[in-house]
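To start, the structure under review is shown below, and the notes come after it.
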Amino acid sequence: MAGMPPLRYIRKTTLVVIIVVLGFLVRRVVDMLTVKDDVQDVAEAELSLTQSVVCRHIVSGSPFGLDSVFEEGIRLYFYATISDIKSFSDDTLKTVWFRGLDTIQSVPCTLNGDVCFTMIAPTLLKQGEWSVDLIAGQKLVSSRQFRIDPVDR
């Protein structure tokens with residue numbers, strides 16, 4: 001130990017810097033350990049979407065008439081199955097129907113078991129590019145695009 005100076009010669013500022021750096025490192029380790037728990041809690045609260053579709057009818061609780069191109073004058077449904085839907089209420093889940101960039105309708109989902117569905121009236125469906133978004137609180141869960149064509153006569 002002949003080459004190392006005795007501890008009494010370490011300056012007070014050097015000792016303070018060492019304590020601050022060690023305190024910072026300890027704090028970072030504690031933060032990393034607690035953040036993992038918070039991230040897992042948030043992930044558990046998110047929806048697990050199984051499927052979402054736009055369809056012409058819902059028959060016996062299942063979507064019927066799936067397509068991406070529909071004719072004017074028909075009633076359309078948005079249908080989604082969600083595995084952990086019990087943690088959300090009717091007013092938390094909603095669908096927003098868009099024609100191009102214009103919002104046509106925003107309605108809360110009707111919940112039935114693990115299914116969320118909504119309907120748009122035929123009078124609102126005009127020719128053009130459409131999309132419907134499923135939103136949980138402020139988070140976009142699903143988006144489906146489709147087109148409405150004029151009726152061939």
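Along the sequence shown, residues are numbered consecutively beginning with 1. For the numbers below, each heavy atom of this structure counts, side chains included, while hydrogens, waters and symmetry mates do not.
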same_hphob_cluster(L66, I58) at 4.5 Å side-chain heavy-atom cutoff: yes

C116 SG to L134 CG distance, which is reported to the nearest 0.5 Å: 5.0 Å

Cluster overlap V151 with V69, hydrophobic side-chain contacts below 4.5 Å: no

Cluster link V26 to V21, ILVMFWY, side chain under 4.5 Å: no

L101, CG: over 12 other non-hydrogen atoms inside 6.0 angstrom: no

Minimum heavy-atom distance between P63 and Q51, given as atom pair plus value: CG-NE2, 4.2 Å

Listed once per pair and sorted, the salt bridge (charged side-chain N to carboxylate O under 4.0 Å, His left out) pairs that draw on residues 14-28, sequence neighbours left out: R27-D31

Given E71, E72, K126, the one that forms side-chain contact (heavy atoms from CB on, under 4.5 Å) with P150: E72

Spatial distance of atom CD1 (I148) from atom CD (Q127) [nearest 0.5 Å]: 9.5 Å

Spacing of K139 atom NZ and L93 atom CG [to the nearest 0.5 Å]: 11.5 Å

Side-chain heavy-atom pair W130, V132 within 4.5 angstrom cut-off: no

Any donor-acceptor pair under 3.5 Å from Q145 side chain to S68 backbone: no

Distance (rounded to the nearest 0.5 Å) between T14 OG1 and I19 CD1: 11.0 Å

I74 with F78, same ILVMFWY side-chain cluster at under 4.5 Å: yes

Interatomic spacing from CG in L76 to CZ in R56 - rounded to 0.5 Å: 7.5 Å

Residue pair T118 / P108: nearest heavy atoms and the distance that separates them: CG2-O, 3.5 Å

4.5 Å side-chain heavy-atom contact, I82 and D114: no

ILVMFWY cluster, F117 and F64 together (side-chain gap under 4.5 Å): no

Between OG1 on residue T103 and CH2 on residue W97, distance to nearest 0.5 Å: 13.5 Å

Geometric class of the F70/F146 ring pair [parallel <30°, tilted 30-60°, perpendicular >60°]: perpendicular

